[in-house]
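This report concerns only the one structure given below.
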Amino acid sequence: MIESFASQAPVFAAQATSVFDVGDGYLLPLVLKLVFVLALFFVVPLVGGYLEHKVMGRMQARRGPVEAGPFGTLQLVADGIKFVQKEDIIPRAADPWVFAMAPGVALVPGMLIFLVIPLGPGVFALDLELGVFYALAISSISTLGVLMGGWASANKFSLIGGLRAAGQLIAYELPLILAAVAVVVQAGTMSLVGIVEAQATFLVPGTEINLWYVFPQLLGFGIFFLAAMAELARPPFDMPIADSELVFGYMTEYTGIKFAMFLLTEYAGMIVMAGLITVLYLGGWQLLPGVPLPGCEGTGGLFECGVGGTLLGVGVSLAKIMLIVFVFVWARVAYPRLREDQLQRLAWLALVPLALLNLAVVTVAKVVF
Amino acid sequence: MVATSPPGVGLLKGLGVTIKHLFRAPSTQMYPKERPVLPPRTRGVIALMEENCTVCMLCARECPDWCIYIDSHKESVPPAKEGGRARTRNVLDRFAIDFALCMYCGICIEVCPFDALWWSPEFEYSDYTMSALLHEKDRLREWADTVPPPPPLDDGAVPPAEVVAAIEKANQERELEAAKQAQEAAQASAAASATTAPAAGRAAEPEIEVEAGQIDQETFDKLIAEGKSERIARSKAKAAWVKKEKARLKAEMAAAAPAGEAAAPPAGEAAAPAPKPAEIHVEAGQIDQETYDRLIAEGKTERMARAKAKAAYVKKEKARLVAERDAETAGASDAAGQAAVAPAPDAPARKLADVHVEGSGEIDQDVYDQLIAEGKSERIARSKAKAAWVKKRKQALLDEGGDA
């Protein structure tokens, strides 16, 4: 693997062709890709947020939003409009520059990860050889934004929230990366498109049965899932926000559009993590293991599709993402918040050793078979 | 989660509870769009039945918030009997509840000995100013129209004494009503034939059966109570009825005096010469029941009896009309008799407040539409239309009561 890694220079090179690579020009594909990423970034999180509102409401014997738009579908849009109208307050003691930049630093990485997440056959902006590495590295930058916000607010709640967030994100980054590494080992590539392809062609040794990685790596899937939830700082892992003890953690002093940016970061993060889980463990845009999409002729029935197959693939991906978001919400409604020490104990004493074990088993298995 | 958390069945149970609720109907009430389903004895607002209040001040004194304001003065009432002592009576000047202070404990309602205070389920009276939450007695009286009727008794429960009394009274009234209708029907045909029959006399008909053979119930009951036999009581009651009927006819003649004046020709005076019996034409539309019965008892044929009874009726009627004519000349001297028969026009009018009307949410659509057209809010229009309906209903009841 290392050999193949070294042979493929330059590292940030596009592997598969995107559907947005039309014509010979430079500008048109660029604009198309930007539009795609921005549309993904601003629309899918809103859908996920609406799903969260509705599911959470029904689970709590409520209706969720009903007034804004048909069935309350435009509730988050209305919230956004409201946030824009709010007064933008910067506390007198705050460090104004850092304070103002923090939401952006948290938000932009979330947008950048959408660049590499493949939603369907050719439906992605970039297929980086270092896809997994890129996604996990970029997502760590968000931590910096959270820490900046907590520090610059000049507020003890914000500071404690920011430090808790930093501690939590560092603690859960490790099992997250270790679980992802196991997938990379099994797939033999870091490219997200490559991992989907590897899943489509993976056969259980000695048989003809095709399986997604969630089955051989069930342990890794669980670790990744838990760590992703903790990375998002969502209940039951919302110690950095902990509104019953820290007001609203690192977001305490934020108002208006900046606060909205933090919220959007959270929703976009949910979609990004769900997208990564889909790609790493759930076979990407495959409908069922071993069943090629209709009209697709490429490797494993995943590429070179017609318009119908492409759209179907995108639909399958989005459905999987929403399913995972639903599980996030489900866990959020069902469980109370972990204490800070329980949170750290879970990460360092359970998830990290198990992730190392998972990596070792996968590596040995990879060599043996 | 599944793999790493300690083998916790509880964790899965938690997920099970939440997923179960996902498929249950939410318990949300869409309040401003749909009226909430409230229990019938909801503590929404306190209503005042002003006419029940005796200004005993118990409510104001028991109120933990001191949010009830009562002002009153004393009036002396003239003695009911000659030579009696004049009494004093408290008259309510002001009764107000400050719902900005009220904590809806209901102690005032519990403590009221005269059922002047009631809970009403209405709750939409919030306002932008605190002072608007001070409801004076007019407003509190309006809430009284929204008080629901008391809950039904359990099956097999003994009905309350006052309800039994009321039902009895209602039954009696219904009988009287039926009797009156029968009498009116008979009168109508009689009056159609008697061209000079006085309109006022008909309108002022007392509540006595005119059909012959009727008995005087009071006398009958009295005699039965005295232990007389059924037969004797019946015959005596019949006699009593005849006597009464005669008195009635006399009174009718008296009542006819002013009406006869109006009906007389323009130049006619009250002292115009009375026409002889022969000059009065009576349409033979009815038979004289007494004569008829007598002839039948004597063994005459049905046809013969009917013809003779008809003739007897005409004769009687003519005699009656002549007597009436004579009575006209008596003029105002019979005013007392007239007053006894006809309802006196200046009888003390019953007040609207004396009538209680139970509303169950009916509104007066005209008023409602008009208010809506004037731009009032839906809530205000509805409550005012409700009040208008109650007022109308009361007026209608009052009018009915005046006739009876």
Side-chain angles (χ1 to χ4, degrees), chain A residues 51-67 72 172 175 179 214-215 217-230 235-237 277 281 324 326-336 338 342 345-355 357-358 361, chain B residues 1-44 104 121-129 132 361 363 368 371-373 375-383:
Chain A
L51 181 82
E52 173 172 36
H53 278 159
K54 274 294 186 189
V55 167
M56 205 155 81
R58 293 299 292 260
M59 282 181 173
Q60 294 167 346
R62 297 183 287 115
R63 279 178 188 276
V66 287
E67 297 291 342
Y172 282 90
V214 63
F215 299 108
Q217 296 205 29
L218 194 60
L219 179 63
F221 172 73
I223 293 167
F224 194 93
F225 201 97
L226 268 187
M229 240 187 334
F237 300 103
I277 291 171
Y281 291 98
I324 292 162
F326 170 78
V327 179
F328 282 157
V329 175
W330 189 7
R332 170 183 182 171
V333 176
Y335 297 132
L338 268 70
Q342 293 169 330
R345 193 184 298 272
L346 177 66
W348 295 109
L349 296 187
L351 293 188
V352 171
L354 285 174
L357 177 69
N358 177 56
V361 169
Chain B
M1 173 194 324
V2 178
T4 50
S5 40
V9 185
L11 291 176
L12 293 176
K13 270 188 189 166
L15 289 178
V17 168
T18 43
I19 200 78
K20 216 162 29 182
H21 276 84
L22 178 66
F23 298 107
R24 274 193 200 155
S27 54
T28 311
Q29 290 190 357
M30 307 296 284
Y31 160 55
K33 293 176 182 164
E34 292 168 21
R35 298 284 302 172
V37 183
L38 295 174
R41 315 317 289 178
T42 299
R43 299 178 164 208
Y104 300 89
E122 293 292 316
F123 61 93
E124 293 168 310
Y125 52 93
S126 55
D127 212 291
Y128 290 107
T129 54
I363 61 166
Y368 181 77
L371 288 170
I372 289 289
K376 303 279 189 216
S377 78
E378 206 268 351
R379 193 175 64 77
I380 293 208
R382 180 169 297 279
S383 65

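The figures that follow rest on heavy atoms only: side chains count, while hydrogens, waters and symmetry mates do not. Chain letters run A, B, ... following the sequence lines, proteins first and then strands; every chain starts at 1.
- Residue contact with chain B, scored on non-hydrogen atoms closer than 4.5 Å, is absent for A/Phe224.
- For the pair B/Ile19 and A/Met59, the tightest heavy-atom approach, listed with the atom from each and the gap, is CD1-CE, 4.2 Å.
- Atom CZ of B/Arg41 has more than 12 neighbouring heavy atoms from other residues, nucleotides or ligands inside a 6.0 Å radius.
- Heavy atoms only, all atoms of each residue included: A/Tyr335 and B/Leu12 are closest at OH-N, 4.1 Å.
- The closest side-chain heavy-atom distance from A/Arg63 to B/Met30 is below 4.5 Å.
- Here the side chain of B/Ser27 pairs a donor or acceptor atom with the backbone of A/Ala61 at under 3.5 angstrom.
- Of all the heavy atoms in B/Leu22 and A/Arg58, the pair that sits closest is CD1-CB, 3.7 Å.
- Side-chain atoms of A/Trp330 do not come within 3.5 Å of backbone N or O of B/Thr18 as any donor-acceptor pair.
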